[in-house]
Amino acid sequence: MATRWGICSAGKISHDFTVALKTLPAEDHQVVAVAARKLEDAQEFARKHSISRAYGSYEELARDPDIDVVYVGVIHPYHLKACQLFTNAKKNVLCEKPLAMNIKEVKEILDSAKKNDVFLMEAVWTRFFPVSVEIRKLLAQGEIGEVKMVRTDFGVPLLHKARSVQKDLGGGALLDLGIYCLQFISMVYNGEKPESIQASGICLETGVDETMAVILKFSGNRMATFTCSAGVQLPNDAIVAGTKGTIQVLSPMWCPTSLVVNGKETQYPVPEPYLPLNFTNSTGMRYEAEEVRQCLLKGLKESSVMPHADSLLLAELEDEIRRQVGVVYSQDCQ
């Protein structure tokens, strides 16, 4: 039986996710319906991707009985409402990252999933790439000895995009880009909470962060640093340094296809898309989609690779970093 997907939002990321699904066997994954706030947008999306049902409201998608799981691709200030809508309709959910605006919202989403006994995962797609699978394996085997330092950065010029600079659209470098650095550090250190965080940053006139640098200290004298910026291009790679060697994830570290272990490079290419993509290596979203399918087949309510505890930790760290830099969203005041 194929996993039957509903797509919430007919935007750019939903387009790429739908293209990624088509790189998987049709007997395993099918897109049954798409919903947008305007019916014509949903119909246009459905035409482009040969989807049989198009809805002009998210509520209609929630009521569709033929859907196993909903991909939530709306912008993050709307994640809470969308996730609650679908979980309350007893739908499983894969929600784009960041899962929500702050830890309070994340807890509400996870509580709703638990209460309704449905699967829910934050779509931290990077975790499911073959490169990330290999990193976890190498670290578990002690390939580079004891990890002492993790360094990563993610910066791309996005100041021309409203969603990157406007506070009401959830703008800011941390929630859009820095989350990739944070999730990488968290993956390497097995979801451990750091002992201390020091963050410094620059905010735009709109009140969101343009650039920030963060230092995290972990138990056992282990460190991590990351820089994220919506103002400038950065190298966008990642390094894990251990007592017996180093692992380097070459750019783009958020959707990686190349890994260098102690100087030896290995390529892990992603499949070609059947339609042009909006973002880099988006067919790599196939890996998270397959993870969702496997979890549903096993009757699981969360993924062991991106568990609810990791979503809570990410939100907690993001909240603390924003507090130090002085970024406050309206959702923080409710």
Counting only N and O atoms by type, is there a donor-acceptor contact under 3.5 Å from the side chain of [X] to the main-chain atoms of [Y]?
{"X": "S112", "Y": "I109", "value": "no"}
{"X": "R127", "Y": "V305", "value": "yes"}
{"X": "T243", "Y": "E146", "value": "yes"}
{"X": "E60", "Y": "S57", "value": "yes"}
{"X": "N92", "Y": "F119", "value": "yes"}
{"X": "Y58", "Y": "K81", "value": "no"}
{"X": "D41", "Y": "A10", "value": "no"}
{"X": "S186", "Y": "L182", "value": "no"}
{"X": "N236", "Y": "S251", "value": "no"}
{"X": "D209", "Y": "L174", "value": "yes"}

Heavy-atom check, side chain of [X] versus side chain of [Y], under 4.5 Å:
{"X": "V93", "Y": "V69", "result": "no"}
{"X": "W5", "Y": "F17", "result": "yes"}
{"X": "L216", "Y": "S196", "result": "no"}
{"X": "M306", "Y": "S311", "result": "yes"}
{"X": "V124", "Y": "Y180", "result": "no"}
{"X": "Q324", "Y": "M212", "result": "no"}

Full working for salt bridge (charged side-chain N to carboxylate O under 4.0 Å, His left out) between R47 and E44:
CA-CA 5 Å; R47 262 197 306 277; E44 170 61 26; 2.9 Å; yes
Option from H76, E105, Q183 for which side-chain contact (heavy atoms from CB on, under 4.5 Å) with P98 holds:
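The side-chain contact (heavy atoms from CB on, under 4.5 Å) with P98 is passed solely by H76 among H76, E105, Q183.
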Among M101, R322, R323, find the residue that satisfies the side-chain contact (heavy atoms from CB on, under 4.5 Å) test when tested with D332.
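Of the listed residues M101, R322, R323, the side-chain contact (heavy atoms from CB on, under 4.5 Å) partner of D332 is R322.
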[X], [atom1]: over 12 other non-hydrogen atoms inside 6.0 angstrom:
{"X": "Q334", "atom1": "CD", "value": "yes"}
{"X": "K107", "atom1": "NZ", "value": "no"}
{"X": "R37", "atom1": "CZ", "value": "no"}

To the nearest 0.5 angstrom, please state how far the [atom1] atom of [X] sits from the [atom2] atom of [Y].
{"X": "Q233", "Y": "L158", "atom1": "CD", "atom2": "CG", "result": "9.5 Å"}
{"X": "T152", "Y": "L234", "atom1": "OG1", "atom2": "CG", "result": "9.5 Å"}
{"X": "Q30", "Y": "S52", "atom1": "CD", "atom2": "OG", "result": "9.0 Å"}
{"X": "D28", "Y": "R286", "atom1": "CG", "atom2": "CZ", "result": "10.5 Å"}
{"X": "L177", "Y": "T227", "atom1": "CG", "atom2": "OG1", "result": "12.0 Å"}
{"X": "L80", "Y": "Y78", "atom1": "CG", "atom2": "OH", "result": "12.5 Å"}

I'd like to know if K137 and E143 make a salt bridge, using a cut-off of under 4.0 Å between side-chain N and carboxylate O.
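Between E143 and K137 there is no salt bridge, as every charged N stays at least 4.0 Å from the carboxylate O atoms.
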So that I can tick it off, tell me whether D153 and R151 are bridged by a salt bridge, with the cut-off set at under 4.0 angstrom between side-chain N and carboxylate O.
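Yes, charged N to carboxylate O under 4.0 Å.
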For the residue pair [X] and [Y], confirm or rule out a side-chain donor-acceptor distance under 3.5 Å.
{"X": "D64", "Y": "Y55", "value": "yes"}
{"X": "E291", "Y": "S303", "value": "yes"}
{"X": "E265", "Y": "S258", "value": "yes"}

Test of ring centre spacing under 6.0 Å for F184 and W254:
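That pair fails the under 6.0 Å test.
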Would you say the ring centroid of W125 lies under 6.0 angstrom from that of Y287?
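W125 vs Y287: aromatic centres not under 6.0 Å.
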Run the side-chain hydrogen bond (donor to acceptor under 3.5 Å, both in side chains) test on H308 and E122 for me, step by step, so that the C-alpha distance in whole Å, both residues' side-chain angles and the decisive distance to 0.1 Å come before the verdict.
CA-CA 8 Å; H308 294 169; E122 182 175 6; over 6 Å; no
Test side-chain hydrogen bond (donor to acceptor under 3.5 Å, both in side chains) on N278 and D16; report intermediate values, then the result.
CA-CA 7 Å; N278 294 298; D16 284 16; 3.2 Å; yes
Under 6.0 Å from the six-membered ring centre of Y189 and within 45° of its axis: does the NZ or CZ of R222 meet both?
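R222 over Y189 ring: yes.
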Start with the C-alpha distance between S219 and E192, add both sets of side-chain angles, then the distance that settles side-chain hydrogen bond (donor to acceptor under 3.5 Å, both in side chains), and finish with yes or no.
CA-CA 9 Å; S219 65; E192 190 182 314; 2.7 Å; yes
Which pairs pass salt bridge (Lys or Arg N to Asp or Glu O under 4.0 Å) with one or both residues in residues 88-104, sequence neighbours excluded?
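Qualifying pairs: K104-E108.
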Do N116 and N88 pass the side-chain hydrogen bond (donor to acceptor under 3.5 Å, both in side chains) test, and can you show the C-alpha distance, the side-chain angles, and the key distance before you say yes or no?
CA-CA 6 Å; N116 290 291; N88 284 331; 2.9 Å; yes
